[in-house]
Student: 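Once you've had a glance at the structure underneath, I'll fire off some questions.
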Amino acid sequence: MESANRVENGTLGAIDTPPLTAHRSTLPNALYILSFAPPLPSLIRDPSGFSGHPFILYGVGTLCATICGVSLPAFDMMFGYWTNGVNSTDRSIVMARGNECGWLMLMIGLVTWLTFAIFQYCFTMAGSKLSNSLREEYLAAIIVQDQAFYDRIGPGEVISRSSKDVSSVRIGLGERLGYLIWSTSLIVTALVSAFARAPRLAGILLCLIPIIFSFFGITGYYFDKVSQASDEIDGRASTLIEQGLSSVRIIQSFSIGSRLLAKLESDMFRTLQSLAIRINAIKGLQMGVVYGFGFIVYSLGFWYGSISITRGLAVGNLVTTIYNYTNLFFAFAAIVPHFVATSSAVQSLGNLRKQIERRPPIDVRDQSGLHLEQITGWQPSVELEGVTFAYPGLPTKKALDNITISIGAGQFTAFVGRSGSGKSTLAALLLRMYDPVTATEITSQDRAILESMSDPNKDESNSAETIVIGSGVVRFAGHDVRNVNITSLRHQIAVVQQNPQLVSGTVFDNVAIGLAGTDLEYRPDIDLADDTPKTQARLDAITQRVEDALRKAQAWDFVSQLPDGVKTVVSGGRTGVLSGGQVQRVAIARALVRRPRCLVLDEATSAVSADTEMEIQMALLREQRDRGMTLIAIAHRLSTVVAADRIIVMSAGHIVQTGTYDELLDPSCPDQTFRSLALPHLFQNESRKVTPQSTISAPVTVVQQPLASKEIHPSGHISEISPRPFPSAKTAFANIKFTFGISVLLGMVGGSTFVVAGWMTGRTIVSVSISDFSIMRPAADRWSLWFLILALAAALVVSTQAFGIEYSGDEIARELRRESFRALIKQEVAFFERKDSGSGTLTAAISQHPANVGNFIGLILSQIISTGSNLIATLIMAFVLNWRLAVMVIPTLAVNTSAGYINFKCHEKFEGGLNRKTDMQSEYISEAVNSLSLISSLSREAEVVREFKAKFIGGTIETRWLITCAWTLGFCQAMLDFFGGLMFWWGARQIARGTAERADVFSVLESVLTAVYISAKIFTYTGDFTRMKKSLEIIDSWITRVPQMGPITSSAPAEYSNDKATQGIEFDRVELRYPSRPQVLALAGISLKMESNKSYAFCGTSGAGKSSVLAILQRFYEATSGRILLDGRDIRHLEVDELRSQMGYVSQEPILYSMSIRWNLTCGSPMPESVTNEQLEDACRQACILDFIQSLPHGFDTEIGMKGGQLSGGQKQRICIARALIRDPQILLLDEATSALDGESEARVQEALENASRGRITVHIAHRLSTIRKADVIFVMELGSIVESGTHEELIAIGGRYRELVDSQL
């Protein structure tokens, strides 16, 4: 009780959660990842922590990678040394040199095995640890950004960054960085070795390096520019995909899927395709030039080397130098995928850095400012003085215009007015979600972020218009809110929004999080894990507070009836198991549980039944009187503000009236704005007498052909830009089979060039070993010319092949991404209620999995194809030249392949565990970003980050699979040295015995060693193959999954048309149990009939089953038992799209997309391209939104921001009504369609809906019973059953449950 009193009086207890701090670093982007490492522990105190620290891992890994890189040049030196020995005519010298080199190569192989395994483990572990810390810091930075930041970017882009970009950093600055250092060490060591053996020849060959570096510098510059543009468009695609996945019901109801796909295809994917051509042309050219220069080394080396031999250079030293430079240039070729991965990681890290280090104008991390809990005697008064404000998304339109308001402490003040008048803006400014002065300003940091993200030109549309200059002061408790600590401010104010959000967890969790910032702050992972008496007593106090709050919010009764009571798990997404009214009551309980000094209700009971609303209102008034709480209500239902001490009437951002309810309702009041809201029918009748043409126009009619006579796209629309759906993921490969097939053939030809080079090398070495220089020089020149021809051919073939296969990979990734989105938005609603199928998880997966496939089918697959053809051609040539040498290859390849397979399986296990963890992290971040307003209002930013860290960062990375991977992959690399030693020994014996010619030995040895070397490097791509394989399986499971809402039996489609009224709807003993709550009966055997040309209404308390009627009618869910008939046909025998095409649906929560108003409206029509401006205007006029749209700078072409975020709740709802009307449906479904409208707009819209109901069935769900009193039949529901039915007059006469509901609203 003492703790409660302290909270009530504003004395907040200390919080154990560590405060968030800004992450800053002076390191360049290439080293920025190191800034996320924890402090280095002491070697003595914490040896395990010291050895596993990223700094140590990077240091040890770099050392081992550098040593390992020396092994190949060392092999080249041994080759030269061995060549000098086997050129001797003395058999004993040949045998001795073979034995010596064999043992030395065994030692080199053991060192290679050890160092490779260590550096691979170290870099992979360091990358995994630092990427985890990066994701945590990214969340910590993104969660504290101000609302203006999110008005300019989309949550889909943030989710993509946290998943795709962080994974890119993990791979690129982990294992790929290790391979890059290894290859760099090889290159440097090869240069040193070459100059040590033949300095003149090495100097001549060195001139090739500046040429290739200049080439890579120029092409790399253009590559970065094109890649940045590609990343920007890719981010826009992620945002659009996230919007689609979070609004599946609307997409399926209106068959919007094809339009979203067309939008993706035309605005994003086609542009990405054209950019991919340029990107892949650069990649292909780079790869071809590297290969060409590799063979030019042979040409130039043997030509100048033969000259050097005449001056005394040993043949072995010539061979060593040429091999050093050959390995150097082919290391450049092999390094390209690793370099690309690392540079992409650095680029992604730079983009993340811009957001991580952004300084929000309103920074909750700032601990300065007044702490109200430390001030005695303060009172929760509110003042706005000269406030002018515009939202960042609409910087040219004033939301508030020079507003001055004073709200006394402990008063009940109500704000009313038409939708869009600026009421909800007051709550946002009071909580400092925005600052009126800085809201429309774009800082240099913001511009840099916008340039690196989805749409760098996002704000250019307003450049020619005057940006609103914000001004004014907002005060709370007499203090300018800019001078008050943000966290302290928000701890004193509780807000319940019109469309409240829940977090994934239990009902108890969702209420208890309202205790944030108090002594009773609830953290389930800590509070439930400790069973000490002190903690248990604290938990008991929290439980009591939660129960009291639920009772005050009239939520205890329905919560108690849930399967697990307050422990029932609910989803944070839009497909949860609670009704809209139930969600609102839980949100009210969450606000009341903290006993705030100021409570702001923004249409907080719009979805609650009238009797429940009155009970909540009485409880709130008691709370206000008992505790002196300042109560601010933003309302359209004027019955909820009758008891207000003062009512403030707003219009177009201005205050037009103030007074009590009775004063404003007085007919003698000079300004009649409030009376027009309270008595809309009176004023509407008067206006009709003056201007009969201005109220109702004829219903919108879109002429449609019978369904059977037109070709319907699978997603509901006539076929548009997007291609036909794929039957499986394999179809993506079939679509590029020509380009892919040609690339594979060219890859095989390119791989075979190594065998040709090997055969030529053997002959050339023998030629330069001729002691007669007059014969040797012409022979060497001839072979050098052939190597030059081979270099040009290889450059041409490899460039073309690399371009083709890279383009194929990008095309496959784009098509799989599109088809993944297409497949997912077709799934039944129950699919999205699964724990692992949240919109955040799926958005990240659609971004990551196709990218994994595309990344593999590119330069990596190109390497594999070249290696495969090289191995086959090498074996053929080896057996043709000398079978005794060739037989030694087979056991080597068998052992190497076995080790590679073990490596693959272990890597699959390791990556699988990491991917599962990443998916869970992405879902958590997605929910946090989409619940930003809730988190900010509760000041839970630090707690969200702490909880994220406790769930995901604290765990250890499973290393057993990684250790096995490292050792097997190290063995594969060491096999080159082991096999080299074997061939040195075995080849020398064959030469000494005379069973093999030197030229054949050199040719076979060169070809086989090249094949083994390249095949060993291929295993470095095991992780990429593992990721590709897993991703392809997941994508294929999406594409091939059949939605559980198809027709039960085949049936010929009926011919429906708009000039033929439906015969009716019949529910026959229908029961419904939600898949996520099978133990609860949502509909309990209801039976009813609905006839054409009539309107029907469902009313009852929240959770009675009203919305379930609409959900099952549209087949969002399948009936557990019973049947629903449409015109005498079981709807389960109809195609789902055919069924829904007859319906127009307005959901309880208005769902819009970040496109123009025109796009959002026309997507309601089955034929959006045929909708005219006149039809748009008619629909909007009926929905009372036309005047607002025409007042916007760009009218119907105005972009409305992320999910319609630039519009008020009422404006969004009216646009949704217009969208349904423009469909001209035969069945109109209205689920609380006017709950966010003011009384006047509601009356006008209601009359328009009544007019539009003629000739069709209209089904209303409403809590405002005044909106359904004219319905032909009203069904009263309780606990999933129909308890009463009849007309308004009949039900009033009965005096039953309906009469009780009506009386509660009087």
Side-chain angles (χ1 to χ4, degrees), residues 247 249-251 253-256 259 418-420 636 694-704 1058 1141 1143-1192 1194-1201 1203-1238 1240-1254 1256 1258-1260 1267:
S247 59
R249 293 193 186 205
I250 295 299
I251 285 181
S253 182
F254 286 94
S255 297
I256 301 175
R259 291 205 73 196
R418 295 180 179 88
S419 301
H636 286 138
S694 64
T695 54
I696 305 297
S697 63
V700 177
T701 301
V702 180
V703 179
Q704 300 182 33
N1058 283 341
S1141 68
M1143 303 176 184
Y1145 175 51
V1146 181
S1147 62
Q1148 191 169 354
E1149 181 181 358
I1151 304 295
L1152 297 173
Y1153 301 93
S1154 59
M1155 268 77 83
S1156 66
I1157 294 176
R1158 183 186 304 276
W1159 192 96
N1160 278 279
L1161 288 172
T1162 56
C1163 69
S1165 170
M1167 294 182 290
E1169 299 84 359
S1170 66
V1171 178
T1172 64
N1173 276 338
E1174 290 75 16
Q1175 292 168 342
L1176 288 176
E1177 290 175 1
D1178 284 344
C1180 292
R1181 186 177 293 111
Q1182 292 186 68
C1184 301
I1185 193 68
L1186 181 60
D1187 290 342
F1188 168 74
I1189 294 175
Q1190 291 179 337
S1191 72
L1192 295 172
H1194 302 288
F1196 284 104
D1197 296 315
T1198 300
E1199 299 287 329
I1200 59 176
K1203 301 178 183 177
Q1206 305 307 322
L1207 306 177
S1208 71
Q1211 289 164 349
K1212 288 191 288 185
Q1213 201 164 51
R1214 282 180 283 171
I1215 289 178
C1216 290
I1217 292 171
R1219 178 174 62 193
L1221 290 176
I1222 209 168
R1223 191 175 183 83
D1224 192 21
Q1226 297 177 10
I1227 303 170
L1228 186 60
L1229 308 176
L1230 307 171
D1231 188 357
E1232 291 285 352
T1234 59
S1235 62
L1237 301 185
D1238 58 90
E1240 181 182 0
S1241 297
E1242 182 181 45
R1244 293 172 60 193
V1245 171
Q1246 191 63 35
E1247 187 167 353
L1249 292 175
E1250 291 171 6
N1251 186 59
S1253 299
R1254 297 168 188 166
R1256 56 168 60 96
T1258 304
V1259 183
H1260 295 262
T1267 64

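Index from 1, following the sequence.
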Student: Mind checking the CD1-CG spacing from Ile1200 to Asn1160? Nearest 0.5 Å is all I need.
Tutor: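 CG of Asn1160 is found 4.0 Å from CD1 of Ile1200.
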Student: Using a 3.5 Å distance criterion without hydrogens, assess whether the side chain of Arg1256 forms a donor-acceptor pair with backbone atoms of Pro1225.
Tutor: yes
Student: Can you find a heavy atom in the side chain of Arg1158 that is under 4.5 Å from one in the side chain of Asn1173?
Tutor: yes
Student: How many angstroms lie between atom CD of Gln1213 and atom CD1 of Ile1151, to the nearest 0.5 angstrom?
Tutor: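 Result: 11.0 Å between the selected atoms.
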Student: Restricting to non-hydrogen atoms, name the atom on Ile1157 and the atom on Gly1195 that form the minimum distance, rounded to 0.1 Å.
Tutor: CD1-O, 4.0 Å
Student: Is the shortest side-chain heavy-atom distance between Phe254 and Arg259 below 4.5 Å?
Tutor: no
Student: What I'd like to find out is whether the side chain of His1194 reaches to under 4.5 Å of the side chain of Leu1192, using heavy atoms alone.
Tutor: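 A side-chain contact under 4.5 Å is absent here.
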Student: At what distance, to the nearest 0.5 angstrom, does CD1 of Ile1217 lie from SG of Cys1180?
Tutor: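 Reported to 0.5 Å precision, the distance equals 11.0 Å.
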Student: Between the main-chain N or O of Ile250 and the side-chain N or O of Ser253, is there a donor-acceptor pair closer than 3.5 Å?
Tutor: no
Student: How many angstroms lie between NE2 in His1260 and CG in Leu1228, if you round to the nearest 0.5 Å?
Tutor: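 Those atoms lie 7.0 Å apart.
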Student: Work out which heavy atom in Leu1161 is nearest to a heavy atom in Ile1222; give both atom names and the distance.
Tutor: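 Looks like O-CG2, 3.4 Å.
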Student: Might you point out which heavy atoms bring Cys1163 and Arg1219 nearest each other, and give the distance in Å?
Tutor: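 Minimum heavy-atom contact is SG-CD, 3.7 Å.
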Student: With a 4.5 Å cut-off on side-chain heavy atoms, are Gln1175 and Thr1162 touching?
Tutor: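 Answer no - side chains too far apart.
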Student: Are Leu1152 and Cys1216 close enough that some pair of their side-chain heavy atoms sits under 4.5 Å apart?
Tutor: yes
Student: Within a strict 4.5 Å, meaning less than it, do heavy atoms of the Ile1189 and Thr1198 side chains meet?
Tutor: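 Side chain of Ile1189 against side chain of Thr1198, heavy atoms only: no contact under 4.5 Å found.
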Student: Judged by atom type as modelled, is there a donor-acceptor pair below 3.5 Å linking the side chain of Arg1223 to the main-chain atoms of Met1143?
Tutor: yes
Student: Nearest heavy-atom pair of Ala1220 and Gly1144: which atoms, and what distance?
Tutor: CB-C, 4.3 Å
Student: I need the Leu1221 CG to Ser1165 OG distance, nearest 0.5 Å.
Tutor: 12.5 Å
Student: Is there a side-chain contact between Tyr1153 and Ile251 (heavy atoms, below 4.5 Å)?
Tutor: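 They are in contact (side-chain heavy atoms under 4.5 Å apart), so the answer is yes.
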Student: Evaluate the side-chain proximity of Tyr1145 to Val1259: yes if any heavy-atom separation is below 4.5 Å, no if none is.
Tutor: no
